[in-house]
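Keep in mind that the numbers below use all heavy atoms, side chains included, and drop hydrogens, waters and symmetry copies. Positions are given from 1 along the sequence. These numbers were taken from a predicted model, which means no experiment stands behind them.
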Amino acid sequence: MSVAAPAAADADYETRISLSGESEVEGLESALVGSSTLKAMQDKPPATLAGLRRRAEGDLETLDKVLRAQGYYAAELALDITPEGEDKHQVSIAVTPGPRYFLAGADVVYETPDGGALGVPQGLPANAAEVGLVSGRPALAQTVLDAEAALVEMARNAGYPHAEAGQRTVRVDHARREMMVRLVLHPAGQAGFGQLRVRGLERTAPDFLRILAPWREGMTYDQRRVDTWRRRLRESGLFDSVQVAVGQPGPDGRVAITGAVKEAKQRTIGTGASYSSSQGPGVKAYWEDRNLFGWGETFRITGTAALARQGIDLNLRKPWLLAQDQDLLAGLTLERVDYEAYRETRLGSSLGVERRFNDTWSGALGVSLDITDTTGKDGISEMTYLAGLPARLKRDTTDSLLDPTEGSRLEIEATPYAGFLDGPTAFVVGSVSGSIYQRLDENGRFVAAARSRLGSIVGASTRGVPHSKRLYAGGGGSVRGYGHQLIGPLDRENDPTGGRGLAEVGLEMRIKITESIGIVPFLEGGALSDEATPPFDETWYWGAGLGARYYTPIGPLRLDVAMPLDRRKDIDDAYQIYISLGQAF
């Protein structure tokens, strides 16, 4: 390294980092620039030239570490600070990487804490290649660190709960441009799972925490199972903090696992509001108990008061029903709705099981019973008694519930119904819906989003399907810009009658102007048919608009203004307004 700097009195500066010679690492120059403090703090110059020189010399050490991490152990860096005009300095760093070094060999050895040699313990690697240190590969510092971490992880997953890395040795041969590595592990003895203890419980049953543990006493210790238990406790929502300690092996060769928890608040009260120009304002309030009987049961009562709907919903979720990742779901609903298509009072109940197959897939199967008193726009009132077998399969890879920026969602639903509606009736309601989200930049300020939905009812004519089970299109959650349920077949009074075949699509471009303010131009279209087949040949209605978003910690507040592009005289208004929490989809 060389440093040349004339005396000067001003610390304002510009930085130039240049790479000379050949480099085998794509993007090495951008990595050097990205790690430079000079570059990052160029708009905040130090008060003195001496401070600038200290900042520059600190950069030399940082850049040298970046180079060594990429296998360049003989790099040369030259710093030059030159005055440019009366109030400016040019800070130049010339980097010559030199030849790249390669791994010549690596060893893994096992020792007691006091340095005594051990043979290869059961279940652990006999050579360094098994943890990623392969001769002939570039001598990267991160590769060595990753190999050491992998060795410790393998040991703890193979029954050595207190395995620790010893003193590693890295020797660089500059003449041969090679690196030799020696990793040391102190395995500290293999053990099995012992007693599971829990501290800090007040309302939660200790046995509930024990059934969440994915091991049995006597099984070989595996750190992955302990990590899974810790994750399950945190995801239960029952605890503000979770700490897990692993004891020392006892005479029986087993280690006790102790979980220390702090229970979260058990009950929550919340409210919400929404507005659309076709349905008016609405408010919701809920009360929730997240540990009703001490086994993690979530019970929620939700009340809704809006111009178009008034009702109360009771929902219970009991986790870990007969198996891990399987929940019992129960619901009871009493509601009254007043839509353009019909008025209805409904008492509905449901009971089912939801199963999480993995981190992305889940499914649900249940039974339902609906008793409804429905009055159509023709003034005819009818009682309906329906039993259903709802089934759902869902895939979700998105990064957020209310504001996804990447990933996708897919949901397939089918419900066979049987019951009485002016006589016996039976039909099946099915739908497939999906959405996809894609960041267009690294910071997620530009996100493209798209959705689609297909729905169909088979087994009965539209007249043989109760009003509330028919398919509808138009309005918020469907095609914005049109009135609620106003796309599709209409009667003589231009009131919707519903249909049996549905298709919808939607596109949005979500643009963040600042961290808290964004705009969303969107386009949506849909069609509804009296036939069960998808209405691709029917008239499609398109709506477009512009939305505003205010991003809060709990999700974006949404204001959308949409207009119908296929406006019908005496049916569609010039525009519609929607206000709610969360993105439109």
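A side-chain N or O of R558 and one of S580 form a donor-acceptor pair less than 3.5 Å apart. Judged purely by distance below 3.5 Å, without hydrogens or angles, the side chains of T405 and R439 pair a donor atom with an acceptor atom. Using modelled atom types, one finds a donor on one side chain and an acceptor on the other under 3.5 Å when comparing E344 with S468. Donor-acceptor pairing under 3.5 Å is recorded for the side chains of Q583 and D403. Residues E406 and T398 bring no donor and acceptor atom of their side chains to less than 3.5 Å of each other. One side chain, D373 or S381, offers a donor N or O that lies under 3.5 Å from an acceptor on the other. Side-chain contact of T374 with E382: a donor-acceptor pair under 3.5 Å is absent, judged by distance alone. For the 3.5 Å distance criterion, the side chains of Y437 and S435 qualify, holding a donor opposite an acceptor. Defined by atom type and a distance below 3.5 Å, a donor-acceptor pair is missing between the side-chain atoms of T298 and D289.
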Residues T372, T345; criterion side-chain contact (heavy atoms from CB on, under 4.5 Å); working and verdict: CA-CA 6 Å; T372 60; T345 301; over 6 Å; no
Worked verdict on E413 versus R392 for salt bridge (charged side-chain N to carboxylate O under 4.0 Å, His left out): CA-CA 5 Å; E413 295 182 293; R392 183 186 75 243; 5.4 Å; no
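One finds no salt bridge joining E288 and R267 here, because no Lys/Arg side-chain nitrogen approaches an Asp/Glu carboxylate oxygen to under 4.0 Å. Ion pairing of R230 with D227 is present here, as a side-chain N (NZ or NE/NH1/NH2) and a carboxylate O approach within less than 4.0 Å. A salt bridge links E354 to R317: one of the charged nitrogens lies within less than 4.0 Å of a carboxylate oxygen.
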Side-chain donor-acceptor pairs under 3.5 Å in residues 500-507, sequence neighbours left out?
unit_1	atom_1	unit_2	atom_2	d
R500	NE	D530	O	3.1
R500	NH1	I457	O	3.4
R500	NH1	A460	O	3.0
R500	NH2	D530	O	3.4
E504	OE1	R451	NH1	3.3
E504	OE2	S478	OG	2.4

Donor-acceptor list for residues 513-522 side chains, cut-off 3.5 Å, not counting sequence neighbours:
unit_1	atom_1	unit_2	atom_2	d
T514	OG1	S516	N	3.3
T514	OG1	I517	N	3.0
E515	OE2	R445	NH2	2.7

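Sorted by first and then second residue, the salt bridge (charged side-chain N to carboxylate O under 4.0 Å, His left out) pairs involving residues 466-492 (not counting sequence neighbours) are D370-K469, R480-E508, R480-E524, R480-D560. The salt bridge (charged side-chain N to carboxylate O under 4.0 Å, His left out) contacts involving residues 571-585 comprise R568-D572, where partners must be two or more places apart or lie in separate chains. Applying the salt bridge (charged side-chain N to carboxylate O under 4.0 Å, His left out) rule to pairs touching residues 232-241 yields R231-E235, sequence neighbours excluded.
Shown are R290, E202, R203; of these, the side-chain contact (heavy atoms from CB on, under 4.5 Å) with Q266 is made only by R203.
One distance of note links OG of S433 with CG of L454; it measures 9.5 Å at 0.5 Å rounding. If you take CG on L365 and CZ on R355, they are separated by 13.0 Å, rounding to the nearest 0.5 Å. The CD atom of E340 lies 8.5 Å from the CG atom of D338; values are rounded to the nearest 0.5 Å.
Centroid-to-centroid, the aromatic rings of W295 and W320 stay 6.0 Å apart or farther. No close placement of the F420 and Y385 rings is indicated, their centers lying 6.0 Å or farther apart.
In this structure, the salt bridge (charged side-chain N to carboxylate O under 4.0 Å, His left out) partners of E297, at least two apart in sequence or on a different chain, are K318.
Ring geometry for Y541 against Y482 counts as perpendicular: the plane angle is over 60°, on a 0 to 90° scale with 30° as the lower cut. Relative orientation of the F536 and W540 rings is parallel, given thresholds of 30° and 60° on the angle between their planes. Between W215 and F193, the two ring planes are parallel [angle under 30°; tilted spans 30° to 60°].
When side chains are defined from C-beta on, L328 does not count as touching L316, because their heavy atoms never get closer than 4.5 Å.
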